[in-house]
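Notes for the one structure printed next.
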Amino acid sequence: MSAGHVNVGSRKETREGLEMTFALNYLSKFVVTNRLLPSLRRASDARVVYVLAGGNGGALEPDDLQLSKSFSFVKAAGASGALVDVLTKRLADEHKASGSGPSFYHVFPGVVNTSNVYSMGLPRPVAFVASLAMGLLGRPVVQAADDVFRLASAAEFAASAPEKDEHGLFFHAGLAQPKLDAAYSAKLADDELTGRVWAASLETVTAVGAPLA
């Protein structure tokens with residue numbers, strides 16, 4: 001699942017009243033994954049690979065997931081990355097405890113040479129210059145896609161693979177393992193904090209009429 005959005009302008013909402021970055025980067029993944037879980041649990045080697053910012057998340061604000069009180073595009077991007085990290089870890093822990101079910105991974109592909117700069121709300125001349133820089137500095141799309149394909153299909157990342165736990169849940173470009181700082185790791189391991197995030201996500205889904213079942 002790779003839908004992602006960065007809006008460098010002011011806070012924008014979808015027609016459902018959801019903050020745009022939150023809705024596309026995180027809540028869409030939350031809804032689709034949870035709706036597919038019954039089928040994923042029946043599969044022999046199901047894997048869910050999120051493509052956004054694995055291990056690169058920012059602050060978590062469970063009482064204001066959509067940053068209605070204090071918004072900036074930097075905070076929104078960081079928050080959505082952290083929320084997908086929470087989603088990945090919570091689902092992975094749940095299925096590890098049960099001893100069966102799908103595997104969950106979250107990868108940060110690095111800077112990829114795409115045309116996304118034209119949908120970020122930048123002035124057209126700035127977007128043009130940014131696209132030239134992406135062409136020089138960005139990874140080819142096929143390289144980023146190879147990382148995702150490997151996570152989704154290689155035997156070493158299967159649920160039954162002996163080395164699966166050694167790989168962890170989060171990856172950077174080339175499937176390098178990011179080193180999470182202690183404070184961020186503690187947040188992801190905080191059951192009370194992540195439980196509040198999960199509850200707030202469920203409330204949001206219910207409020208916009210998008211039940212998970």
Side-chain angles (χ1 to χ4, degrees), residues 1-7 12-58 60-62 65-67 76-98 100-109 112 114 116 119-120 141 144-154 157-159 164 168-171 175 188 194-213:
M1 301 184 186
S2 61
H5 172 77
V6 175
N7 167 40
K12 292 183 174 62
E13 294 185 347
T14 67
R15 62 186 179 185
E16 296 86 3
L18 300 172
E19 193 279 312
M20 189 80 72
T21 305
F22 166 83
L24 187 56
N25 287 11
Y26 166 66
L27 199 66
S28 60
K29 297 174 176 65
F30 179 89
V31 171
V32 171
T33 305
N34 278 285
R35 286 182 175 178
L36 287 175
L37 275 179
S39 297
L40 292 169
R41 286 168 178 152
R42 290 193 294 269
S44 60
D45 181 25
R47 308 179 206 184
V48 177
V49 182
Y50 302 116
V51 184
L52 189 65
N56 280 4
L60 281 171
E61 300 190 34
L65 295 185
Q66 301 184 59
L67 303 179
S80 62
L83 289 169
V84 178
D85 279 347
V86 169
L87 176 63
T88 306
K89 187 175 187 307
R90 188 178 178 98
L91 290 172
D93 288 349
E94 174 187 326
H95 288 86
K96 183 177 179 180
S98 70
S100 63
S103 301
F104 297 87
Y105 300 111
H106 183 194
V107 59
F108 170 58
V112 181
T114 71
N116 283 355
S119 63
M120 292 171 58
V141 172
D146 282 345
D147 290 345
V148 177
F149 183 76
R150 184 177 161 201
L151 282 171
S153 62
F157 298 107
K164 178 178 180 293
L169 306 175
F170 310 125
F171 299 87
L175 300 189
L188 295 179
T194 59
R196 287 166 60 200
V197 167
W198 199 266
S201 302
L202 289 173
E203 288 175 11
T204 303
V205 166
T206 301
V208 298
L212 300 183

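As the structure is a prediction and not an experimental result, all values here were calculated from the model.
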Q: Evaluate the side chain to side chain contact (heavy atoms under 4.5 Å, CB included) criterion for residues Thr204 and Phe30: first the C-alpha distance (whole Å), next the side-chain angles of each, then the deciding distance (0.1 Å), finally the verdict.
A: CA-CA 11 Å; Thr204 303; Phe30 179 89; over 6 Å; no

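- To the nearest 0.5 Å, atoms CZ (Phe170) and NZ (Lys89) are separated by 7.5 Å.
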(Q) Checking Leu212 against Leu202 for the side chain to side chain contact (heavy atoms under 4.5 Å, CB included) test, could you report, in this order, the C-alpha distance in whole Å, the side-chain angles of both residues, the deciding distance, and whether it holds? (A) CA-CA 9 Å; Leu212 300 183; Leu202 289 173; 3.4 Å; yes

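- For Ala154, the side-chain contact (heavy atoms from CB on, under 4.5 Å) test picks out Arg150, Glu156, Phe157, with sequence neighbours left out.
- What you find for Arg35 and Ala210 is that their closest heavy atoms are NH2-C, 3.6 Å.
- To the nearest 0.5 Å, atom CG of residue Leu87 and atom OG of residue Ser201 are 8.0 Å apart.
- Between Val86 and Leu60 there is a side-chain heavy-atom pair separated by less than 4.5 Å.
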Q: For Thr21 and Tyr26, run side chain to side chain contact (heavy atoms under 4.5 Å, CB included): C-alpha distance rounded to whole Å, both residues' side-chain angles, the deciding distance at 0.1 Å, then the answer.
A: CA-CA 8 Å; Thr21 305; Tyr26 166 66; over 6 Å; no

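- Of all heavy-atom pairs between Pro102 and Leu37, the closest is CG-CD2, 4.4 Å.
- With a 4.5 Å cut-off on side-chain heavy atoms, Thr88 and Tyr50 count as touching.
- Summarising the geometry of Glu16 relative to Val208, their closest heavy-atom pair is O-CG1, 4.0 Å, with the distance given to 0.1 Å.
- Side-chain atoms of Arg47 never come within 3.5 Å of backbone atoms of Tyr105 as a donor-acceptor pair (strictly under, hydrogens ignored).
- Looking at every heavy atom in both residues, Val107 comes nearest to Pro109 through O-CD, 3.6 Å.
- Taking OG of Ser28 as the start and CG of Leu18 as the end, the distance is 10.5 Å to the nearest 0.5 Å.
- Atoms CG and CD, on Leu67 and Glu19 in that order, are 6.5 Å from each other to the nearest 0.5 Å.
- For the side chain to side chain contact (heavy atoms under 4.5 Å, CB included) with Leu83, the lone residue among Leu52, Asn25, Leu65 that qualifies is Leu65.
- Among all heavy-atom pairs drawn from Gly58 and Ala82, the shortest one is O-CB, 3.5 Å.
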Q: Determine, stepwise, if the pair Phe171 / Phe108 fulfils ring pair (Phe, Tyr, Trp, His ring centres under 6.0 Å).
A: CA-CA 6 Å; Phe171 299 87; Phe108 170 58; over 10 Å; no

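- Glu13 and Met20 get closest at one heavy-atom pair: O-CE, 4.0 Å.
- Rounding to the nearest 0.5 Å gives a distance of 9.5 Å between CG of Leu188 and CG of Asp93.
- One distance of note links CG of Asn34 with CG of Leu40; it measures 10.0 Å at 0.5 Å rounding.
- Counting only distance, with no hydrogens or angles, the side chain of His106 and the backbone of Ala53 share a donor-acceptor pair below 3.5 Å.
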